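Below you'll find the structure, written out as structure tokens, and then a few comments.
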Number of protein chains: 2
Amino acid sequence: MSRLKQISEAVRDAGSLGVAELASLTGASEMTIRRDLEVLAAQGVLERYRGGARSLLLRGSEPPFALRSDENMDAKRRIATVVADLIADGESVVLDAGTTCLEVARLLHDRRVTVMPLSLHSVNALSSSASVTLLVPGGRPRPGELALTGPLALASLEALRFDTAVIGCCGLSAEHGMTAFDLEDASVKRAAITSARRVIAAVDASKLTRTALAHVAPVSSLDAVVTDADGDDGLAAAGVTVVTA
Amino acid sequence: MSRLKQISEAVRDAGSLGVAELASLTGASEMTIRRDLEVLAAQGVLERYRGGARSLLLRGSEPPFALRSDENMDAKRRIATVVADLIADGESVVLDAGTTCLEVARLLHDRRVTVMPLSLHSVNALSSSASVTLLVPGGRPRPGELALTGPLALASLEALRFDTAVIGCCGLSAEHGMTAFDLEDASVKRAAITSARRVIAAVDASKLTRTALAHVAPVSSLDAVVTDADGDDGLAAAGVTVVTA
DNA sequence: GTGATTGAACAACAGTGATGTGCGAAACTC
DNA sequence: GAGTTTCGCACATCACTGTTGTTCAATCAC
């Protein structure tokens with residue numbers, strides 16, 4: 001686990017922590033801790049005060065993109081590989097924001113497909129590709145996540161129809177369906193689902209036990225769920241095709 | 001001048017050149033030349049054949065973004081500084097693609113403004129800013145340039161109204177007005193001009209003697225031209241405010 | 001006022017990317 | 001098909017960048 005993540009979790013669990021304590025916890029020098037705290041404060045994870053920092057992470061929110069991006073890489077890669085295999089050459093795909101979908105974008109780099117990513121991270125991953133026809137949706141990028149949201153994003157999605165939507169989410173269960181932490185995100189995901197003929201959810205197993213604030217869609221609107229470990233989560237019983245990577 | 005640029009010009013001037021000749025010209029090893037030619041071929045600058053490469057640069061087109069980006073940096077920076085000073089805090093700005101406008105984007109990074117850049121390069125330059133309200137237009141990024149074009153881009157521009165448009169161009173003269181190499185680009189620039197109350201052209205002096213294929217707008221639609229050296233180009237006589245950086 | 005905390009400057013360090021060399025493989029010429 | 005050229009992979013080298021730790025003067029909180 002990266003030191004940044006370690007600090008962010010320690011501060012979140014304790015509410016607030018001093019620089020010296022974090023230094024002895026991580027084994028790094030105090031100067032390094034200060035620099036780390038500065039980075040985390042810029043990401044909105046915590047708030048500096050003289051001598052330490054206090055957590056700003058709400059219970060219902062998720063840690064920022066930079067801290068999630070290198071977590072569970074194995075699972076994400078395996079899920080992304082399966083998703084990429086489900087996509088045929090020539091297809092048009094709308095690709096959700098999030099770290100798992102970013103892995104899918106990387107795997108599509110040399111494929112002959114049309115892709116509209118809903119986050120600038122994926123746009124950047126694909127912008128150097130000669131084989132991908134890249135479409136950028138409009139919108140306002142949310143800081144850190146760089147997910148494109150707002151009226152411009154919705155308008156872009158409404159103007160187009162895709163073969164497949166690849167959607168990540170923050171929570172997925174047979175009972176509550178697909179849920180997201182952010183209301184804006186939820187409406188963009190919904191628009192993406194509406195504008196696609198086939199919907200694939202790419203979800204690591206930790207999300208299958210979780211439910212977030214904003215409802216996106218019922219499981220009945222999903223054509224397939226790709227995940228990394230099978231739990232008895234009731235999805236299959238609800239009639240969804242579950243693929244385990 | 002970078003070796004890449006040197007190679008690209010040598011091949012363009014000669015039509016085609018061998019690896020060995022390029023190696024002795026640049027002083028680099030043949031292996032390095034091969035790697036460079038691979039890069040340039042990927043950018044569409046030239047075409048490899050066994051033993052050498054043949055130029056693909058048409059006379060009427062411009063060299064790709066990567067080769068222009070570090071040319072005339074001084075002039076671009078000076079122009080960009082003046083342009084940034086013309087923009088007041090709180091303004092909404094639509095920012096054209098191109099290397100000069102990218103410099104403007106960099107200068108706006110810590111300002112309190114709303115910006116819609118028309119190229120992904122500028123989007124990336126601004127996406128880490130906490131003070132800029134960033135709006136991404138939709139569109140299809142042109143390879144290399146990453147300028148957003150097409151119906152999605154036009155729709156994004158039509159949906160919004162800006163205080164100021166900062167436009168770069170490939171040619172500008174009192175007689176032919178503002179011109180661009182690419183037809184798609186021209187229509188995006190036109191839409192940007194239409195959706196802004198004030199139009200600033202950021203143009204280095206080399207463009208003032210040139211005219212490109214696609215007509216964008218007459219000089220009468222420009223409120224100010226910022227350039228780096230004054231020639232007797234007739235712009236001032238045509239009633240345009242010319243600012244020399 | 002006093003002691004802890006901070007941030008800037010500098011040095012050491014590891015990681016990354018660019019370049020060159022050697023060699024076997026592929027391709028072109030005759 | 002033999003000989004020659006060209007190619008690209010693998011590895012060593014080098015410069016550069018980004019990270020970390022140390023020192024010290026300035027700043028802040030009490």
Side-chain angles (χ1 to χ4, degrees), chain A residues 1-8 10-11 14-43 45-56 64-67 69-71 73 106 109-110 121 124-125 127-128 130 144, chain B residues 1-8 10-11 14-43 45-56 64-67 69-71 73 106 109-110 121 124-125 127-128 130 144:
Chain A
M1 176 160 46
S2 79
R3 196 182 52 232
L4 247 16
K5 179 112 190 116
Q6 201 180 350
I7 292 173
S8 119
V11 175
S16 70
L17 266 181
V19 172
E21 291 153 286
L22 287 166
S24 69
L25 173 69
T26 59
S29 74
E30 297 201 357
M31 189 63 228
T32 302
I33 297 296
R34 284 193 205 97
R35 281 189 274 237
D36 287 347
L37 291 180
E38 195 179 356
V39 169
L40 292 170
Q43 290 179 13
V45 175
L46 46 78
E47 190 181 31
R48 268 322 291 283
Y49 59 83
R50 199 174 175 79
R54 133 181 61 252
S55 180
L56 287 176
F65 190 88
L67 294 180
S69 60
D70 47 1
E71 280 214 323
M73 274 306 249
R106 297 200 171 118
H109 187 279
D110 296 319
H121 290 298
N124 288 330
S127 64
S128 64
Chain B
M1 175 161 45
S2 79
R3 195 182 52 235
L4 247 15
K5 179 109 191 120
Q6 201 180 349
I7 292 172
S8 120
V11 175
S16 71
L17 265 181
V19 172
E21 291 153 287
L22 287 166
S24 70
L25 173 69
T26 60
S29 74
E30 297 200 355
M31 189 64 227
T32 301
I33 297 296
R34 283 193 204 97
R35 282 190 274 237
D36 287 347
L37 291 180
E38 197 179 354
V39 169
L40 292 170
Q43 290 179 12
V45 174
L46 45 79
E47 190 180 31
R48 266 324 289 285
Y49 61 84
R50 195 174 178 81
R54 135 180 59 251
S55 180
L56 286 177
F65 190 89
L67 295 181
S69 59
D70 47 0
E71 281 214 322
M73 274 305 248
R106 297 200 172 119
H109 187 278
D110 296 319
H121 290 297
N124 288 330
S127 65
S128 65

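Chain letters run A, B, ... following the sequence lines, proteins first and then strands; every chain starts at 1. Note that the coordinates shown come from a computational prediction; the quantities given were computed from them, not determined experimentally.
A:L17 has its CG atom 14 Å from the P atom of C:dT5, to the nearest Å. The nearest whole Å value for the distance from the CD1 atom in A:I7 to the P atom in D:dT19 is 14 Å. The interatomic distance linking A:M31 (CE) with C:dA12 (P) rounds to 18 Å, in whole Å. Taking atom CZ on A:R34 and atom P on D:dG21, their separation rounds to 12 Å, with Å as the unit. If you measure from atom CG of A:L37 to atom C1' of C:dT5, you get 13 Å, rounded to the nearest angstrom. Straight-line distance from the CD1 atom of B:I33 to the P atom of C:dG20: 8 Å, rounded to whole Å. Here C:dT5 presents its P atom at 18 Å from CD of A:E38, a figure rounded to the nearest Å. Per the geometry, CG belonging to B:L4 stands 11 Å off P belonging to C:dA18, to the nearest Å.
Evaluation of atom-type donor-acceptor distances gives no pair under 3.5 Å for the side chain of A:R3 against the base of D:dT20. A donor and an acceptor atom sit less than 3.5 Å apart, one in the side chain of A:R35 and one in the base of D:dG21. In the interface, the side chain of B:R50 is paired with the base of D:dT6 through a donor and an acceptor atom under 3.5 Å apart.
With sequence neighbours left out, the salt bridge (charged side-chain N to carboxylate O under 4.0 Å, His left out) criterion links A:R3 to A:D36.
A close approach under 4.0 Å does not occur between any side-chain nitrogen or oxygen of B:T32 and OP1 or OP2 of C:dT19.
Under a 4.0 Å N-O distance rule, the pair B:E38/B:R34 does not qualify as a salt bridge.
Residue B:L46 holds its CG atom at 6.0 Å from CG of B:L37, rounded to the nearest 0.5 Å.
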Step-by-step side chain to side chain contact (heavy atoms under 4.5 Å, CB included) determination, A:V45 to A:I7:
CA-CA 10 Å; A:V45 175; A:I7 292 173; over 6 Å; no
